[in-house]
Amino acid sequence: MAKLQPVRGTHDLLPEQVRSHRYVEETARAVAERYCYAPIDTPIFEFTEVFVRTLGETSDVVSKEMYSFEDKGGDSITLRPEGTAGVVRAVISGGLAQELPLKYFYGGPMFRYERPQKGRQRQFHQIGAELLGVPEPTGDVEIIALGAHILEALGLQANTTLELNTLGDQASRTAYRDDLVAYLSRYRDDLSADSRERLGRNPLRILDSKDRTDREIVAGAPTFDDHLTPTAAEFFAAVCGGLDDLAIAYTLTPTLVRGLDYYCHTAFEFTTTELGAQGTVLAGGRYDGLMEIMGGPPTPGVGWAAGIERLAMMSHDAEPAPRPIALIPVGEEATVRAASLAYRLRRAGLIIDLAHRGNLSRRMKRANKHHARAAVLLGEDELQRQAATVRDLDSGEQTEVSLDDLEARLAAFR
RNA sequence: GUGGCUGUAGCUCAGGUGGUUAGAGCACCAGAUUGUGGAUCUGGGGGUCGGGGGUUCAAGUCCCCUCAGCCACCCCA
């Protein structure tokens with residue numbers, strides 16, 4: 001049992017799970033299409049530099065969660081831990097920034113070396129949307145609306161809450177950061193070990209610490225509101241106003257901070273209480289500086305990503321399994337004939353399940369288990385008459401049908 | 001990376017304080033039904049008790065290590 005295990009944090013997706021994943025992904029894709037977000041697929045690995053530059057050396061993802069390796073050419077390669085960096089890289093390397101604004105929707109596996117727990121795996125799947133080249137707050141509103149719309153389409157509207165915050169522009173951030181560090185430094189010794197560590201690298205993240213004393217200290221900390229530049233404040237007000245116009249409900253969460261360096265202005269998370277400690281279901285924000293950091297032309301962007309596993313855990317719907325027609329030969333000659341008949345019927349567009357083995361009773365049981373719509377019995381008698389018996393497995397009715405008419409008669413069971 | 005809980009058949013789980021050939025239900029296979037499913041009955045195959053080491057006359061049971069799962073911290077999707 002212990003001999004052949006999947007790598008820790010990875011899972012096989014059996015047909016049922018694949019169908020529920022697909023349901024999530026296809027539902028989202030259909031909604032994204034209405035917003036004119038075009039599909040894009042980037043490689044699942046990139047040069048390590050792509051992620052280090054964009055996510056920031058101090059981010060947790062880069063400092064401890066990346067699957068990196070050296071390839072045979074000596075290049076450092078990393079399995080993508082998130083989707084935005086790859087999409088932005090593609091835009092730059094493909095010269096796509098000529099045609100701004102760009103709207104992309106993507107989906108696929110991501111990799112993070114973390115300790116697995118509920119709603120968290122080392123290989124997991126995300127869907128995501130990116131809007132590039134729109135500096136206006138209407139872009140933020142659209143991208144959030146898209147996320148809300150998808151959650152609604154998945155029937156998860158009632159289970160999720162939209163939390164919203166602004167990280168301001170560069171000027172707001174540095175001013176706030178300085179003030180915050182000054183304040184927190186006074187309580188340095190009372191802070192948790194984790195937070196003391198963060199004080200130097202990423203002080204903003206102390207704001208959403210779960211440690212009790214940290215929270216008490218944070219409660220008295222200077223708030224970001226007071227440090228927002230007029231431009232940043234105005235921008236955020238426009239985003240909030242836009243959401244109000246669409247009647248999309250949100251909660252302002254001043255402690256909401258994004259873990260990745262490239263975010264600015266709007267930060268948002270759709271959260272749930274249904275998934276234990278992993279409450280975030282769909283999250284993102286604005287990343288105006290990202291293109292430039294990567295060496296592209298200065299281009300604003302907003303986007304989000306959502307975890308397919310997490311969405312699938314909450315939505316109990318799945319793509320329905322197709323209902324086949326079971327082709328059941330009886331006897332040697334019929335068995336030989338069945339192969340070509342199955343081929344013929346499949347080419348006519350029918351879903352044919354051919355079991356290859358077992359007696360009639362056995363195969364009928366299988367047909368039933370596979371939820372077959374009908375069974376086509378092909379025996380010696382029928383063959384002599386160039387016919388087959390067609391049984392409706394829902395009603396139990398059965399009739400003999402000429403082989404020539406089979407396609408036409410089976411069309412009723414599609 | 002840190003901590004807690006768990007690990008017996010494909011799945012869900014029984015197996016008081018160590019004591020012969022490790023059980024059940026479901027699932028699977030076969031038969032009752034040599035050409036008729038969803039029901040029922042009968043029989044059958046499956047386990048190096050996660051792995052390794054140790055204590056013991058004797059270990060599924062006790063000890064150590066290791067791996068994995070779950071949950072939490074951290075962080076996030």
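Chain A is the first sequence line, chain B the second, and so forth, proteins listed ahead of strands; every chain is numbered from 1.
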- Message: It should be established whether A:R8 places a side-chain nitrogen or oxygen under 4.0 Å from OP1 or OP2 of nucleotide B:rG69.
- Response: yes

- OP1 or OP2 of B:rA77 sitting under 4.0 Å from any side-chain N/O of A:Q278? no

Using a heavy-atom cut-off of under 4.0 Å over every strand shown, decide if [X] touches base, sugar-phosphate, or nothing.
X: A:A367; result: nothing
X: A:D381; result: base
X: A:G331; result: nothing
X: A:R363; result: nothing
X: A:E382; result: base
X: A:Q398; result: base
X: A:G128; result: nothing
X: A:G9; result: sugar-phosphate
X: A:L311; result: nothing
X: A:E380; result: base

Please report the distance separating the [atom1] of [N] from the corresponding atom of [M], rounded so that it comes out in whole Å.
N: B:rU21; M: B:rC49; atom1: C1'; value: 15 Å
N: B:rG7; M: B:rG51; atom1: C1'; value: 11 Å
N: B:rG35; M: B:rG44; atom1: C1'; value: 25 Å
N: B:rC64; M: B:rG1; atom1: C1'; value: 23 Å
N: B:rU20; M: B:rG37; atom1: P; value: 45 Å
N: B:rU17; M: B:rC13; atom1: C1'; value: 23 Å
N: B:rC29; M: B:rG15; atom1: P; value: 31 Å
N: B:rU61; M: B:rG54; atom1: P; value: 14 Å

Checking base pairs now: Watson-Crick or wobble, both atom distances under 3.5 Å. What partners [N]?
N: B:rA77; result: none
N: B:rG37; result: none
N: B:rA9; result: none
N: B:rA30; result: B:rU42
N: B:rG16; result: none
N: B:rU56; result: none
N: B:rU21; result: none
N: B:rG3; result: B:rC71

- Message: Testing the basics here: between A:R373 and A:D394, what is the closest heavy-atom pair and its distance to 0.1 Å?
- Response: NH1-OD2, 3.3 Å

Whole-Å distance between [N] [atom2] and [X] [atom1]?
X: A:R362; N: B:rG35; atom1: CZ; atom2: P; result: 15 Å
X: A:D392; N: B:rU36; atom1: CG; atom2: C1'; result: 14 Å
X: A:K365; N: B:rA39; atom1: NZ; atom2: C1'; result: 10 Å
X: A:Y113; N: B:rA77; atom1: OH; atom2: P; result: 20 Å
X: A:L191; N: B:rC74; atom1: CG; atom2: C1'; result: 16 Å
X: A:L378; N: B:rU36; atom1: CG; atom2: P; result: 16 Å
X: A:L360; N: B:rA30; atom1: CG; atom2: P; result: 13 Å
X: A:R357; N: B:rC29; atom1: CZ; atom2: P; result: 10 Å

Can you identify which nucleotide, out of [options], has its nearest atom closest to the [X] side chain?
X: A:Q5; options: B:rC67, B:rC29, B:rA72; answer: B:rC67
X: A:P116; options: B:rC70, B:rU36, B:rG35; answer: B:rC70
X: A:R391; options: B:rA68, B:rG37, B:rC71; answer: B:rG37
X: A:R120; options: B:rG35, B:rG37, B:rG1; answer: B:rG1
X: A:Q117; options: B:rC74, B:rA77, B:rU33; answer: B:rC74
X: A:K369; options: B:rC28, B:rG35, B:rC74; answer: B:rC28
X: A:H11; options: B:rC29, B:rC67, B:rC70; answer: B:rC70
X: A:S361; options: B:rG37, B:rG35, B:rA77; answer: B:rG37
X: A:N368; options: B:rC74, B:rG4, B:rG38; answer: B:rG38
X: A:F124; options: B:rG37, B:rC73, B:rA77; answer: B:rA77

- Mapping A:D211 and A:D394 to their closest nucleotides on RNA chain B, which lands nearer the 5' end? A:D394

- Message: If you assign A:V61 and A:P6 each to the RNA chain B nucleotide with the nearest heavy atom, which residue ends up on the more 5' nucleotide?
- Response: A:P6

- Query: Any idea how A:H265 and A:F235 line up, ring-wise: parallel (<30°), tilted (30 to 60°), or perpendicular (>60°)?
  - Reply: tilted

- Message: Is the ring pair A:F270/A:F268 parallel, tilted or perpendicular, if the boundaries are 30 and 60 degrees?
- Response: perpendicular

- Task: Verify whether one side chain among A:Y37 and A:E142 offers a donor that lies under 3.5 Å from an acceptor in the other.
- Result: yes

- Looking only at side chains, do A:D226 and A:Y176 share a donor and an acceptor under 3.5 Å apart? no

- Among A:H125, A:Q278, A:R120, A:M314, whose side chain to side chain contact (heavy atoms under 4.5 Å, CB included) with A:E309 holds? A:H125

- Have a look at A:L393 and tell me which of A:H371, A:R323, A:M364 forms a side chain to side chain contact (heavy atoms under 4.5 Å, CB included) with it. A:M364

- May I ask you to say whether A:K64 pairs ionically with A:D60, meaning some side-chain N is under 4.0 Å from a carboxylate O? yes

- Message: Looking at A:E26 and A:R22, is any side-chain nitrogen of the basic one under 4.0 Å from a carboxylate oxygen of the acidic one?
- Response: no

- Kindly check if the number of other-residue, nucleotide or ligand heavy atoms within 6.0 Å of CZ (A:R409) is above 12? no

